Each structure stands twice: as C-alpha cells, then as structure tokens.
Protein chains: 2
Amino acid sequence: MTGPERPRRRSDVTRTAILEAARERFASDGYERATVRAIARDAGIDPSMVMRYYGSKEGLFAAVIDVELDFPDLSELDPDQLGVVLVTHFLDLWERDTVLRTLLRVGVTNESGSDRLRQVFATQLVPAARAFVPDPADAERRAALVASQVLGMALVRYVLKFAPAADMSREDVIGWLAPTVQRYITAETP
Amino acid sequence: MTGPERPRRRSDVTRTAILEAARERFASDGYERATVRAIARDAGIDPSMVMRYYGSKEGLFAAVIDVELDFPDLSELDPDQLGVVLVTHFLDLWERDTVLRTLLRVGVTNESGSDRLRQVFATQLVPAARAFVPDPADAERRAALVASQVLGMALVRYVLKFAPAADMSREDVIGWLAPTVQRYITAETP
DNA sequence: ACTGTATGCCAACGGTCGTTGACTTCGCCG
DNA sequence: CGGCGAAGTCAACGACCGTTGGCATACAGT
C-alpha cells in the first residue's frame, strides 16, 4: 500500500504552489486578466518558472481545469430521491473547490474553456444521465435541462452573487431546485 | 410627434457604426479580448475616433450594455399562464439582439459588468416580480430562482452552446421551462 | 570533495494594448 | 470663394503582457 507520497522531485512544492495560485487567479479573474506574472507573484517565484513547469499559460490553464464530477452510485437509489441527491451533490462540488467556478468563468469567454465545458458535459453528465433516464435517446436533452438549472443557480449564487441567491441556505436551494431536477429527469415529455 | 430622427450631427453615422461593431465584438469576445482597435477596424474608422466619441473603452462598454427587459403588462393575465408568458418573453429578448449575451459574457469576468447585471436584476426583474408574487417579502428570492433557470438556459443554449440545448425548438424550451418558472413564482415555499 | 544537474532569478525581447496629440481633409455658412 | 469648425487620419507614447535565454545557486551521486 502506498502512503502519502514523498515529493519525487525537489520542485514539486513549487509546482503545486504555482497550481494553487493559478486556481485562485483563474477563478477570480478569468483567463485573460489572470496574468502569469501575478500567479508567479502569488506563488512566490519567478514568472519564468511557470513556463518551465507548464510550458505556457495555456498549458498551465489546462492543468488547472482538470475536473471530475464524480457522481455517487445512483443505481440502488429510490428514484424519487434523484433530485435531492443530485442537487446536493452539485452544491458540494461547487463549494468544495474553485475549479468549477474557474471553468464557468473561462468557458464563457474563452473558446478552449467552453470546449472543455462541453466535453465535461458530454463525457460525464450525459453518461450519468443515461443510467437513470428511462429512454436513453432522451438522455442528452434531459441532461442539458438539468445542466441549465444547476449551472444557472451556480451562476447567480457563486459567480454573479445576486444577493437573494447567495444568501439562500443550502436547504432552501435544495428544497426549490430538487423538484425541478427531478422533473427534468423523470417526467414525461410535455 | 417625432418621426425617425434625421442625424443631428454628421458624425452620428460613425457613432452608431462604432456602437454596432462594439456590440458584436463584446458579445462574441468578451470585454478583455474585444480590442478598441478591432472594433474600429470593423466600423471602418480610426481607433482614435472611439476615444473621441466615447471617452474610453470603459465608456464605450457602458454605452453598449444599456438593456431594457421591457416586461409586458401581466396584471390582467391568467396567473396560470405566467410561466409560459415569461419564458416566451425571455426567449424573445435573447434572440432579438446581442445585448444580453454581451452582458452575461462580460458580467462573468468583469466587475463592472456584474455590477450592471445585479443592477438590472434589482431594478427590473425584482420589481416585476413584486407585481405577481403573493408575498412581496418573498419577491426577491422568487425572482432569483426565476433568474437562475432563465440565465442557466441562456448560458447552455446561447453562450456555451451545449448541442442538446442549442438544438431544442422554442416550443420545447417553453414546454420544459414554463412549469419550472410557474412553480418558482406561485408555489408555496417548500 | 567534486561534478553534473535540477532549480531558481534576472534582464530583456517582441508584440499588443489603450490612449494621446498633432496634422489633414471635408463640408457648411457668410 | 474664403474661412472655420467638425470629422477623420497618422504616428507615437508608455505600460503591460507572454515568453526566452543566460547566469547564479543548491543539491545529489560518486
């Protein structure tokens, strides 16, 4: 069994310092305004080190937006609970770290960012939807509907910070959104 | 009564050419990547004219994001139709011109953009919500919920262009979203 | 202890940006 | 037709960006 790895290289601490500084800068400033120089300053090293370890600003960004939606096993679940479980899971994802905020911020302005976002949608959300949507041919559409509500709430709550949305408790968000998500997944097509 | 205005100044045609080029550039590139030089090139004039007429890039942007949600009169409406009417109205707004796309794109990255977006929410959407939400104290929260679903759909459909969302027909979008919006406005708090 | 290599800093490059001020051209009014 | 202000062009500025190559330093293997 492998315990917590000792750094293989002396530079690993610097590498992760850069990565963490980059996460925060990209999350709060977006791709264009997050400068390599500012990230390096935050990490306490020279800008040239960023280039050495990540090749380019684009390469650093690619390392930052490595996201894993990481759905729990839903196969044994009471189907009526799908909405609650999914909304709760998404809230956890958004509050755990900044990577989704980064991806949304950048995906809206930057082409390679929105490519990545479409890719996450297609390779992680849609397959998950196939698992519990009755008609698989409909899975894409239902996944898109769920995404619209979940991303929309994330947008007004965590990015735009509309006061009433940002101030809502977790429980209230779940209480309001879960029935919507539940319907998008299980309801007959209207 | 005032007919269509004759240009008061010779420069008005240039002014509006700049404004239209700016609308498109800001909408498709976001604030940072939309350069004054590119906007001027699109408008067929010198970059310095942009500064003469709008003072600065920030001033030009402020002129671009003058948005009017322009709600129809809902007071005489069957309350059961609120969802359908509102979703239809929002689809019209998003498809009519690019200003909302611009505002969303920029609001996600730029502080003055998100300020403006919060302002539109507070001064246009919330007051409209007060008109048809039973408990006025709840109007802010319900307006935020509606905004989350409407902005979320606009995001995946018009900005991120998730294929299943972008390919949905207007009727399907209305059919799926209207019940959600209807519930956010009229349902008991869960 | 010596040496090769990994790690880090420094200074500078070419490019692009927003912005400015001086200069030229156009069009109207007397 | 002459003059004058508006409209537009042009070249340049200072700043900042991503990126590069050379040089100093610290470390690990022998």
Side-chain angles (χ1 to χ4, degrees), chain A residues 5-65 102 105-106 109-113 116, chain B residues 5-65 102 105-106 109-113 116:
Chain A
E5 308 278 347
R6 294 255 66 192
R8 301 186 172 281
R9 288 162 300 194
R10 249 187 317 145
S11 62
D12 281 355
V13 42
T14 301
R15 289 183 122 90
T16 67
I18 293 173
L19 210 55
E20 281 184 26
R23 275 193 241 274
E24 285 194 30
R25 282 284 175 182
F26 280 131
S28 64
D29 295 347
Y31 185 80
E32 343 285 340
R33 298 163 60 107
T35 68
V36 172
R37 288 169 142 93
I39 292 169
R41 196 176 331 119
D42 291 354
I45 45 90
D46 190 87
S48 61
M49 303 305 300
V50 175
M51 314 309 295
R52 195 199 291 278
Y53 291 138
Y54 294 95
S56 67
K57 182 181 183 180
E58 192 74 28
L60 173 60
F61 177 68
V64 163
I65 56 172
T102 304
R105 266 219 153 94
V106 175
T109 323
N110 187 280
E111 193 57 30
S112 80
R116 178 83 183 111
Chain B
E5 308 279 347
R6 293 253 70 193
R8 301 185 173 282
R9 287 163 300 194
R10 240 181 329 140
S11 62
D12 280 356
V13 41
T14 300
R15 287 184 124 89
T16 67
I18 293 173
L19 211 54
E20 282 184 24
R23 273 194 242 274
E24 286 195 29
R25 282 284 174 180
F26 280 131
S28 64
D29 295 347
Y31 185 80
E32 342 286 340
R33 298 161 61 104
T35 68
V36 172
R37 289 170 142 93
I39 292 169
R41 196 176 332 120
D42 290 354
I45 46 90
D46 191 86
S48 61
M49 303 304 298
V50 175
M51 313 308 294
R52 196 200 287 281
Y53 291 138
Y54 294 96
S56 67
K57 182 182 182 179
E58 191 75 28
L60 174 60
F61 178 67
V64 163
I65 56 171
T102 304
R105 266 220 154 92
V106 175
T109 323
N110 188 282
E111 193 57 30
S112 81
R116 177 81 184 112

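When reading the values below, keep in mind they use all heavy atoms of this one structure, side chains included, and skip hydrogens, waters and symmetry mates. Chain letters run A, B, ... following the sequence lines, proteins first and then strands; every chain starts at 1. It should be emphasised that the depicted structure is a prediction, and the values quoted were computed from it without experimental measurement.
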For residues [X] and [Y], report the shortest heavy-atom separation together with the two atoms involved.
X: Ile39(B); Y: Ile18(B); value: CG2-O, 3.9 Å
X: Arg15(A); Y: Tyr54(A); value: O-OH, 3.1 Å
X: Val50(A); Y: Ala40(A); value: CG2-CB, 4.3 Å
X: Asp29(B); Y: Thr109(A); value: O-CG2, 3.4 Å

Close side-chain approach of Asp42(A) and Arg25(A), heavy atoms under 4.5 Å: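 A side-chain contact under 4.5 Å exists here.
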Interface limits on DNA chain D, where chain A has a heavy atom under 4.0 Å of a nucleotide atom: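 Taking any atom under 4.0 Å from a heavy atom of chain A, the span is dC17(D) to dC27(D).
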Report the distance from atom [atom1] of [X] to atom [atom2] of [N], rounded to the nearest whole Å.
X: Arg15(A); N: dA6(C); atom1: CZ; atom2: P; answer: 12 Å
X: Met49(B); N: dC26(C); atom1: CE; atom2: C1'; answer: 12 Å
X: Asp46(B); N: dG18(C); atom1: CG; atom2: C1'; answer: 13 Å
X: Met51(A); N: dC9(C); atom1: CE; atom2: C1'; answer: 16 Å

In Å and rounded to the nearest 0.5 Å, what is the [atom1] to [atom2] distance from [X] to [Y]?
X: Arg37(B); Y: Ser48(B); atom1: CZ; atom2: OG; answer: 10.5 Å
X: Met51(A); Y: Asp46(A); atom1: CE; atom2: CG; answer: 11.5 Å
X: Arg23(A); Y: Leu60(A); atom1: CZ; atom2: CG; answer: 9.5 Å

Under 3.5 Å: donor-acceptor pair, side chain of Thr16(A), backbone of Leu19(A):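 Side chain of Thr16(A) to backbone of Leu19(A): no pair is present.
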Any donor-acceptor pair under 3.5 Å from Arg105(A) side chain to Ala27(A) backbone: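 Answer holds: yes.
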Which residues share a side-chain hydrogen bond (donor to acceptor under 3.5 Å, both in side chains) with Thr102(B), sequence neighbours left out: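 Not a single residue meets the side-chain hydrogen bond (donor to acceptor under 3.5 Å, both in side chains) criterion with Thr102(B).
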Partner set under side-chain hydrogen bond (donor to acceptor under 3.5 Å, both in side chains) for Ser112(B), not counting sequence neighbours: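 Per chain and number, Ser112(B) pairs via side-chain hydrogen bond (donor to acceptor under 3.5 Å, both in side chains) with Glu58(B), Asn110(B).
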Nucleotide nearest Ser48(A) (side chain, heavy atoms from C-beta), chosen from dC9(C), dG8(C), dT20(C):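 The answer is dC9(C), which lies nearest to the side chain.
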Contact list for DNA chain D against residues 35-45 of chain A - heavy-atom distance below 4.0 Å: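 Going residue by residue through residues 35-45 of chain A, the ones with a heavy atom under 4.0 Å of DNA chain D turn out to be Thr35(A), Val36(A), Arg37(A).
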Interface with DNA chain D, restricted to residues 52-61 of chain A and to heavy atoms under 4.0 Å: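 Only Ser56(A), Lys57(A) qualify.
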Inter-axis angle, terminal five-pair segments of the helix from dA1(C)-dT30(D) to dG30(C)-dC1(D) [nearest 10°]: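 Answer rounded to 10°: the end axes differ by 0°.
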More than 12 heavy atoms of other groups within 6.0 Å of Glu24(A) CD: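 Counting neighbours around CD of Glu24(A), 12 or fewer heavy atoms of other residues, nucleotides or ligands fall under 6.0 Å, so no.
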